[in-house]
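Okay, so here's the structure we're looking at.
Nothing here was measured: the structure is a model prediction, and the numbers come from that model. As a basis for the values below, the full set of heavy atoms in this structure was taken, side chains included, without hydrogen atoms, waters or symmetry mates.
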Amino acid sequence: ADLPISIGVGRAQDPWLQMVVVAMATFVSEDLTCIASGLLARQGVIDPMVAILGCTVGIFLGDIGLWLIGRLFGRRALRWPWLARRVPADRVERVGRWLDDHAGGAIITSRFIPGTRLPLYVAAGMLGTRSVRFFAWFLVAALLWTPTIVVLVFLFGQRVVGPLERLLGDSWMATAAAVILLFVLIRVLEMSLTRAGRRRLKARVSRLWRWE
């Protein structure tokens, strides 16, 4: 069950073009792109290395982009409505006080805990911390996270797609449904890693039976 490949990632396309498309897709959603790329590689639509490299490059560039927002715009960026909702000013202050001493651990940990990466990276750029050091850790974190997700989906994603194909038919809808389901499972796993995440997860689940 192949996805429609009109977006330009089919086997007939140049691998470099495929990589650019995958990398750009990570700017919209990193996890969704990693999952979709793993499934596309499994189906033979793209080469597995294209999936891994495209996702890794895109995520690495996205991380640098967050750092640059903080570096170029400083505290003015915190007045942007989109950013202000995600990066409270007091949180940036707390992050900044220990960034230089814990850069490596903080960056790698933030890659696996949702909601921490954006304030951390913006704060790093805003406070003028050493760029080369941070960029190196960005790359290490991307190399740890991205191939893991893509390869796991490549190896085991068909176990999710198979039952959905029987339910929905042999169509791209089964693959799309598998991408969404795997995305939800990864987010649940990420949120369960921290106490605050578990509280948010519990609150969201409780709304299912308290929707009124």
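Taken to the nearest 0.5 Å, the CD1 atom of I186 stands 8.0 Å off from the SG atom of C34. Atom CG of L144 and atom CD1 of I149 lie 11.5 Å apart (nearest 0.5 Å). The line from CG of L181 to CG of L164 is 6.5 Å long, rounded to the nearest 0.5 Å. One finds the OG1 atom of T146 at 3.5 Å from the CD1 atom of I59 (value rounded to the nearest 0.5 Å). Atoms CD and CG, from Q18 and L40 in turn, are 9.5 Å apart once rounded to the nearest 0.5 Å. T26 contributes atom OG1, which lies 11.0 Å from atom CG of D31 (distance to the nearest 0.5 angstrom).
V150 is not connected to V20 by any chain of hydrophobic side-chain contacts under 4.5 Å among Ile, Leu, Val, Met, Phe, Trp and Tyr, and they are in different clusters. Residues V160 and F154 do not share a hydrophobic cluster, defined by chaining ILVMFWY side chains whose heavy atoms lie under 4.5 Å apart.
Tested against F138 for a ring pair (Phe, Tyr, Trp, His ring centres under 6.0 Å), the candidates W145, Y121, W67 yield a single pass: Y121.
Taking 4.5 Å as the limit, every side-chain heavy atom of M19 sits out of range of all side-chain heavy atoms of M24.
Judged as a side chain to side chain contact (heavy atoms under 4.5 Å, CB included), and not counting sequence neighbours, the contacts of L139 are F60, L143. Qualifying side-chain hydrogen bond (donor to acceptor under 3.5 Å, both in side chains) partners for R117, counting only residues two or more places apart in sequence or in other chains: E30, D63.
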| request: Could you check V28 against L32 for side chain to side chain contact (heavy atoms under 4.5 Å, CB included), going step by step and ending with a plain yes or no? | output: CA-CA 9 Å; V28 179; L32 281 175; over 6 Å; no
| request: Go through E165 and Q158 one step at a time and tell me if the side chain to side chain contact (heavy atoms under 4.5 Å, CB included) criterion holds. | output: CA-CA 10 Å; E165 286 179 345; Q158 190 59 36; 4.0 Å; yes
